[in-house]
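Quick note on labels: first sequence line is chain A, next is B, and so on, each numbered from 1.
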There are 2 protein chains.
Amino acid sequence: MDRVNEILRNIGKKCTEQRKLILQTLFELAKPVSADEVYEYLSETNKVGRTTVYRTLELFERKKLVRRIIFKDGIIRYESTHLKHHHHLICLSCGEVIPLEHCAIASLDGSVIEDADFLVTEHFLELYGYCKKCRGGK
Amino acid sequence: MDRVNEILRNIGKKCTEQRKLILQTLFELAKPVSADEVYEYLSETNKVGRTTVYRTLELFERKKLVRRIIFKDGIIRYESTHLKHHHHLICLSCGEVIPLEHCAIASLDGSVIEDADFLVTEHFLELYGYCKKCRGGK
DNA sequence: TATCTAAATGAAATTTAGTTTCATTTAAAA
DNA sequence: TTTTAAATGAAACTAAATTTCATTTAGATA
Ligand SMILES: [Mn+2]
Ligand SMILES: [Mn+2]
Ligand SMILES: [Zn+2]
Ligand SMILES: [Zn+2]
């Protein structure tokens, strides 16, 4: 929790109970989560309003505490940036999300695609398929 | 237009005026377009309802006539599958979408990620950055 | 060709994810 | 402690997408 306090102090914004709870949640869940998932997670103790969750995640994105990720369902999810740039395996059957350690195409960022004379600054790659459990013995 | 007729006959569904217009539109635009973009494009001649556009694009997706693509804005877009699997350069300044001819990671599909024992069946990759025009001389 | 009917359409209502408004509360500066 | 700009959250709103259901139609059948 000290860590959370320090991070919030560093972004030059008020260190509120809600922001601490949301940031703590992102650390705990350590995978891409939607605003509603964060809200539900916290609503057991019911300390944070839905609007505040949305606004706080946007703030955290601007301050680079989280990155925004969109899977094929189109829902906006956020993941803590304390995990470095990576991609995911997403099971089409059970929805499990498995982080991939290595990014084989990280060298793309900052490079220029010659044919199109296009400067690449970021990329999104997600892999879909079937996890061990869902494939049974196969 | 004969081509459009033939394709629709092949999917075993009624060959309606609306379906022909929507499929024709996807061929003409030849880039990822949202349901509303298709609707707007056709609303000059006002022959197709908004609901029908949404439903028809879903039908086309099930029949593999189009693929669903999501950029970072979260809006669902569709692109005709007569263009083979590829990715895009998307300009963060002007929004231009440039198709990339080659997919360097096509070999991923059908392969198993060993560490996770995960069978990859499809992947989504989109590159963001700045096009020639938007970078000026740079 | 005329008749029939399941499939398709589209206006309107509804849902869902996300955003805006604004009165109230609060962190933290003075 | 007092002050105040920043933050919160309930409620209203928006935009994209989906559902409902009365009407229309493609195309099979007679
Ligand atoms: Mn991750
Ligand atoms: Mn394309
Ligand atoms: Zn990467
Ligand atoms: Zn699975």
Side-chain angles (χ1 to χ4, degrees), chain A residues 1-2 4-25 32-63 65-66 68-78 95, chain B residues 1-2 4-25 32-63 65-66 68-78 95:
Chain A
M1 216 36 161
D2 309 338
V4 163
N5 279 302
E6 196 197 322
I7 293 170
L8 290 175
R9 227 176 302 116
N10 283 340
I11 64 174
K13 292 280 170 179
K14 285 188 182 176
C15 183
T16 65
E17 197 54 37
Q18 291 88 340
R19 285 172 179 174
K20 284 190 271 183
L21 285 166
I22 294 168
L23 187 54
Q24 185 62 44
T25 299
V33 286
S34 67
D36 263 6
E37 283 166 345
V38 172
Y39 175 74
E40 287 303 326
Y41 187 84
L42 290 174
S43 69
E44 284 149 35
T45 50
N46 226 349
K47 292 244 183 55
V48 189
R50 197 170 240 112
T51 316
T52 299
V53 173
Y54 277 97
R55 266 188 306 225
T56 302
L57 290 171
E58 280 168 17
L59 168 70
F60 285 178
E61 192 197 5
R62 288 197 304 279
K63 295 300 182 179
L65 300 186
V66 299
R68 203 179 127 115
I69 297 178
I70 301 202
F71 294 158
K72 52 188 294 190
D73 62 9
I75 291 173
I76 298 170
R77 290 181 173 78
Y78 298 90
Chain B
M1 215 37 161
D2 309 337
V4 163
N5 280 301
E6 198 196 321
I7 293 170
L8 289 175
R9 229 176 299 118
N10 283 342
I11 65 172
K13 292 282 171 178
K14 287 190 181 174
C15 183
T16 66
E17 197 54 36
Q18 291 86 342
R19 286 173 179 173
K20 284 191 272 185
L21 285 166
I22 293 168
L23 187 53
Q24 185 61 45
T25 299
V33 285
S34 66
D36 263 6
E37 282 166 345
V38 172
Y39 175 75
E40 287 303 326
Y41 186 83
L42 291 173
S43 69
E44 284 149 34
T45 50
N46 226 349
K47 292 242 183 54
V48 189
R50 195 171 241 114
T51 316
T52 299
V53 173
Y54 277 97
R55 268 189 305 226
T56 302
L57 291 171
E58 279 168 17
L59 169 70
F60 286 177
E61 192 196 5
R62 288 196 304 278
K63 296 299 181 180
L65 299 185
V66 299
R68 201 180 131 115
I69 297 178
I70 301 206
F71 293 159
K72 51 188 296 192
D73 62 10
I75 291 173
I76 297 170
R77 292 181 171 78
Y78 297 91

Undergrad: Could you state the atom-to-atom distance from CG of A:L21 to P of C:dT26 in whole Å?
TA: 14 Å

Undergrad: Checking B:R68 side chain against A:K72 main chain: does a donor-acceptor pair fall under 3.5 Å?
TA: yes

Undergrad: Is the backbone N or O of A:F71 less than 3.5 Å from a side-chain atom of A:R77, with the two atoms forming a donor-acceptor pair by type?
TA: no

Undergrad: Is the backbone of A:Y39 close enough, under 3.5 Å, to the side chain of A:R50 for a donor and an acceptor to pair up by distance?
TA: no

Undergrad: Are B:E58 and B:Y78 close enough that some pair of their side-chain heavy atoms sits under 4.5 Å apart?
TA: yes

Undergrad: Return a single string for nucleotides 6-19 of chain D, one symbol per nucleotide in 5' to 3' order, where B is base contact, S is sugar-phosphate-only contact and - is none, cutoff 4.0 angstrom on heavy atoms.
TA: BSBBBB----SBBB

Undergrad: In whole Å, I'd like the distance from the CD1 atom of A:I11 to the C1' atom of C:dA28.
TA: 15 Å

Undergrad: Of all the heavy-atom pairs spanning B:N5 and B:K20, show the shortest one and how long it is.
TA: OD1-CD, 3.1 Å

Undergrad: Atom CD of A:E37 and atom C1' of C:dG18: how far apart are they, to the nearest Å?
TA: 15 Å

